[in-house]
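Single-structure report; data block below.
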Amino acid sequence: MSVRVRYAPSPTGLQHIGGVRTALFNYFYARSQGGKFILRIEDTDRERYNDESLQDLYDTLEWLGVQWDEGPDKGDFGPYVQSERFAIYQDYAEKLLKDGKAYYCFCTSERLDAVREEQKKNKSKVQGYDRHCRDLDPAEALKRKEAGEPCVIRLKVPMEGKTTFHDEIMGDITRKNSDVSPDPVIVKTDGFPTYHLANVIDDHLMEITHIMRAQEWIPSGPLHVLLYEAFGWEPPKYCHLPLVMGKDGSKLSKRHGATSLKDFRTGGYLPEAIINYITLLGWSFDDSREFFTKEDLEQLFSLEKLSKSPAVFDYKKLEWFNGQYIRQRDPESLKALLLPELQKDGVVSDPVTEEEMAVFDGAFPLIRERLKLTTDVSEMIRFLFKDIDSYETADAVPKKMELKDIPAILDSCSALLEGFEARSDEENEKIFFDKAEELGIKMGQILQPLRVAITGTRISPPLFESIRLLGVSKAAWRIKALSEQIQKETA
RNA sequence: GUCUCCAUCGUCUAGGGGUUAGGACACCGGGUUUUCAUCCCGGCAACGGGGGUUCGAUUCCCCCUGGAGAUGCCA
């Protein structure tokens, strides 16, 4: 039987690292097996549902280049949006009711809270619902429901025996039925199914063969199997993925840093870096290879190489990957990514002028190998486009020198600018080297003040090329400006 | 509390009854270099503890410890 897997997010928030990894693994598995990847929208939580989350889901998958074979817009097993499948769940819930596998429950949330409170206070061994309505007479219950009394439908979980399901990574997982959540709600007061019901029905109806989801779902595995059994269906294969953790070892969340893909999308990251790094969270290929394109993974991904233990998300390594992929990008496509950043930060105009473009083209090779994030570009070359308002004069002082020594050095630099553009970088280097020797200082000591004058910071792209891009006259003006500011400060 | 899962360098991981326990990030040195970065070279650094099984366990089994997850009319 050919593989059919799904990613079934709930549009109640932005797509995050964990969810995206689940999507990717499902997608890669489908591709590697020649199977189908299905996108299903699980929007049964009407309270938390919002359109932005749904849009974010689509934006994220598009950005990653993940395409589904079946989903809201296509496929023969639809609809693929759960809120459009309301009637289906109703029918199946009714069937469970009729077979005595489920029952109406009229307990109010106040009562439920009280029960929970009581259990906590008594440190009770049993927890959760006390099955108060389990043995209500079905005919009686139906009457009450039809009289308009609010109610939910609960699954009648067997109180004896145990339930086992097989996990492709973990092996057999067994749980006593008495430890399974006591009679969970499967249809809410508003008539919508809960996750458990909708998920099981849809996976069965859509002929899903493998359920790949995060390990946080392991505890409800037996419950789902019970549900399949109640319907008389064969459960699919399970594959629970290790959790993604923050540095402190708890489930990755906002307090650990950026977690939504949107943050990464807009934060200077490349999709190829994200895909590569995230896939390595819980999956590996061999003892050394760690670079994988999406296309590679569509071939190489396998369940066997999945790990059991949780993985800590390492922002540093992601950044490293991003830098690697930035350098691998072909120049034109990288420029197309950088230009909008410069425009967003007001470094160049929108639309960009010809002169600006010329400077940017010139600066491009200098910054390409220095970027970790595309968003770093503005800081790096702002000085080529914008004047420097005021200097941090202390930056201009090399080791073993004092602020008052600097203007003299700057003045000698000024003098060397004469004919700068006509000379090669090697020739200029020689000239500055000779000058340093003449002043009895090191090359670095003469270049540091100059660098600060030209770029405004101690750290910059290569100096001579920067001067060339900026133009000698502007350079001379900046040297003068810095010198004057220092003299004012030291006066 | 209860249930379930997990356990190799700080992090991601490879490996597997006998290995100098491998790679990568990070970190620290060194080289290239006008700063930074890139690049190259080198270094630091791990099998949680205790019992078995075995000629031999980091590897297999059990216990402990530790960590995590779940205990919702959220998914």
Side-chain angles (χ1 to χ4, degrees), chain A residues 8-10 12-13 19 42-45 47-48 105 107-109 112 116 119-120 123-129 150-154 167 170 173-176 178-182 184-190 192-196 198-199 213-222 240 242-243 245 247 249-251 277 280-291 305 307-321 323 327 366-372 380 398 425 428-429 432-433 436 442-448 450-452 455 457-464:
Chain A
S10 168
T12 54
E42 305 214 332
D43 58 348
T44 55
D45 184 347
E47 303 252 317
R48 295 197 302 153
C105 166
C107 294
T108 60
S109 47
L112 262 21
R116 226 167 272 136
Q119 288 167 347
K120 216 163 110 191
K123 295 199 169 117
S124 165
K125 277 199 143 187
V126 289
Q127 53 193 208
Y129 184 52
C151 64
V152 300
I153 300 174
R154 290 182 181 271
D167 185 278
M170 230 76 73
I173 295 175
T174 302
R175 208 164 167 190
K176 285 192 292 214
S178 54
D179 289 330
V180 172
S181 171
V185 171
I186 53 176
V187 175
K188 307 179 226 183
T189 311
D190 65 4
F192 273 89
T194 58
Y195 169 79
H196 304 296
N199 191 262
R213 59 169 28 162
Q215 277 181 7
E216 58 190 331
W217 292 106
I218 288 181
S220 40
H240 287 93
L243 257 23
M245 319 291 255
K247 252 224 153 1
S250 66
K251 209 166 70 164
Y277 178 65
L280 258 17
L281 252 27
W283 183 84
S284 63
F285 182 68
D286 61 13
D287 62 345
S288 55
R289 180 168 175 190
E290 60 178 352
F291 278 98
K305 305 295 284 183
S307 142
K308 289 179 175 182
S309 41
V312 174
F313 190 85
D314 184 352
Y315 290 86
K316 281 270 178 58
K317 185 143 188 179
L318 205 213
E319 259 190 26
W320 175 78
F321 265 117
R327 261 155 257 129
L366 308 183
I367 55 169
R368 185 175 146 87
E369 64 204 63
R370 275 163 243 268
L371 290 169
K372 273 215 173 81
M380 234 166 239
D425 283 350
N428 280 322
E429 197 171 331
F432 275 87
F433 184 81
K442 294 229 172 71
M443 179 84 145
Q445 290 177 305
I446 195 168
L447 291 182
Q448 183 173 332
L450 181 60
R451 182 183 307 280
V452 171
T455 69
T457 67
R458 304 171 60 149
I459 297 166
S460 79
L463 228 201
F464 293 158

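Note on naming: letters A, B, ... go to the chains in the order of the sequence lines (proteins, then strands), and numbering restarts at 1 for each one.
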Options [options], nucleotide nearest the side-chain atoms of [X]:
X	options	answer
K316(A)	C25(B), G69(B), A75(B)	C25(B)
R48(A)	C25(B), C74(B), C5(B)	C74(B)
D287(A)	G22(B), A37(B), C6(B)	G22(B)
S250(A)	A14(B), G69(B), U11(B)	G69(B)
I459(A)	U35(B), G10(B), C6(B)	U35(B)
E369(A)	G69(B), U38(B), U4(B)	U38(B)
P462(A)	C73(B), U35(B), G69(B)	U35(B)
E429(A)	U33(B), C36(B), C12(B)	U33(B)
S288(A)	G10(B), G23(B), U35(B)	G23(B)
M443(A)	U34(B), C73(B), C5(B)	U34(B)

Whole angstrom is fine here: how far is it from [atom1] in [X] over to [atom2] in [N]?
X	N	atom1	atom2	result
R175(A)	G69(B)	CZ	P	16 Å
H196(A)	A75(B)	NE2	P	8 Å
M170(A)	A68(B)	CE	C1'	12 Å
D179(A)	U71(B)	CG	P	14 Å
R368(A)	C39(B)	CZ	C1'	14 Å
F313(A)	C25(B)	CZ	C1'	13 Å
D314(A)	C9(B)	CG	C1'	14 Å
D190(A)	C74(B)	CG	P	8 Å

Look at all strands and tell whether [X] reaches a base, only sugar-phosphate, or nothing, counting heavy atoms closer than 4.0 Å.
X	value
E42(A)	sugar-phosphate
K176(A)	nothing
L450(A)	nothing
V312(A)	sugar-phosphate
P9(A)	nothing
T189(A)	base
L463(A)	base
S460(A)	base
G249(A)	sugar-phosphate
T12(A)	nothing
C107(A)	base
P184(A)	nothing
G221(A)	nothing
R116(A)	sugar-phosphate

Taking the side chain as C-beta and beyond, is there a heavy-atom pair between H240(A) and W217(A) under 4.5 Å?
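Of all side-chain heavy-atom pairs linking W217(A) with H240(A), at least one is under 4.5 Å.
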N199(A) and R213(A), any side-chain heavy atoms less than 4.5 Å apart
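R213(A) reaches N199(A) side chain to side chain.
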Does any nucleotide pair with [N] by Watson-Crick or G-U wobble geometry, both distances under 3.5 Å, and what is it?
N	value
C55(B)	G18(B)
U4(B)	A68(B)
U34(B)	none
G42(B)	C28(B)

Exceeds 12 heavy-atom contacts within 6.0 angstrom, atom NZ of K188(A)
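More than 12 within 6.0 Å, yes.
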Is the backbone N or O of [Y] less than 3.5 Å from a side-chain atom of [X], with the two atoms forming a donor-acceptor pair by type?
X	Y	result
Q448(A)	R458(A)	no
T12(A)	R48(A)	no
R289(A)	S284(A)	no
Q215(A)	K308(A)	yes

Would you say [N] has OP1 or OP2 under 4.0 Å from some side-chain N or O of [X]?
X	N	answer
K305(A)	A14(B)	no
K308(A)	C6(B)	yes
S181(A)	U71(B)	no
K251(A)	A70(B)	yes
T457(A)	C36(B)	no
K188(A)	A75(B)	yes

Determine the Euclidean distance between corresponding [atom1] atoms of [M] and [N]; express it in Å to zero decimal places.
N	M	atom1	result
A14(B)	G72(B)	P	35 Å
G52(B)	C73(B)	P	49 Å
U19(B)	A37(B)	P	41 Å
U8(B)	C41(B)	P	29 Å
U20(B)	C39(B)	P	33 Å
G22(B)	C64(B)	P	33 Å
U59(B)	G50(B)	P	12 Å
C44(B)	C36(B)	C1'	25 Å

Taking the nucleotide of RNA chain B with the nearest heavy atom to each, does D286(A) or E290(A) sit closer to the 5' end?
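Here D286(A) is the residue nearer the 5' end.
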**Request:** Starting from the 5' end of RNA chain B, give me the residue, I173(A) or P193(A), whose nearest nucleotide shows up first.
**Result:**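 Mapping each residue to its closest nucleotide by heavy atoms, the 5'-most match is I173(A).
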Task: Salt bridge flag under 4.0 Å for residues K317(A) and E290(A) - done: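 Counted as a salt bridge, because a side-chain N and a carboxylate O are separated by less than 4.0 Å.
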Aromatic rings Y315(A) and F313(A): how do their planes relate, parallel, tilted or perpendicular, breaks at 30° and 60°?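 The rings of Y315(A) and F313(A) stand perpendicular, inter-plane angle above 60°.
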- [ ] Hey, can you tell me if F321(A) and F291(A) have their rings parallel, tilted or perpendicular (30° and 60° cut-offs)?
- [x]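 Plane angle over 60°, so perpendicular.
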Using a distance-only criterion (donor-acceptor N/O pair, under 3.5 Å, no hydrogens), is the base of U34(B) paired with the side chain of R451(A)?
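Such a pair is found, so the answer is yes.
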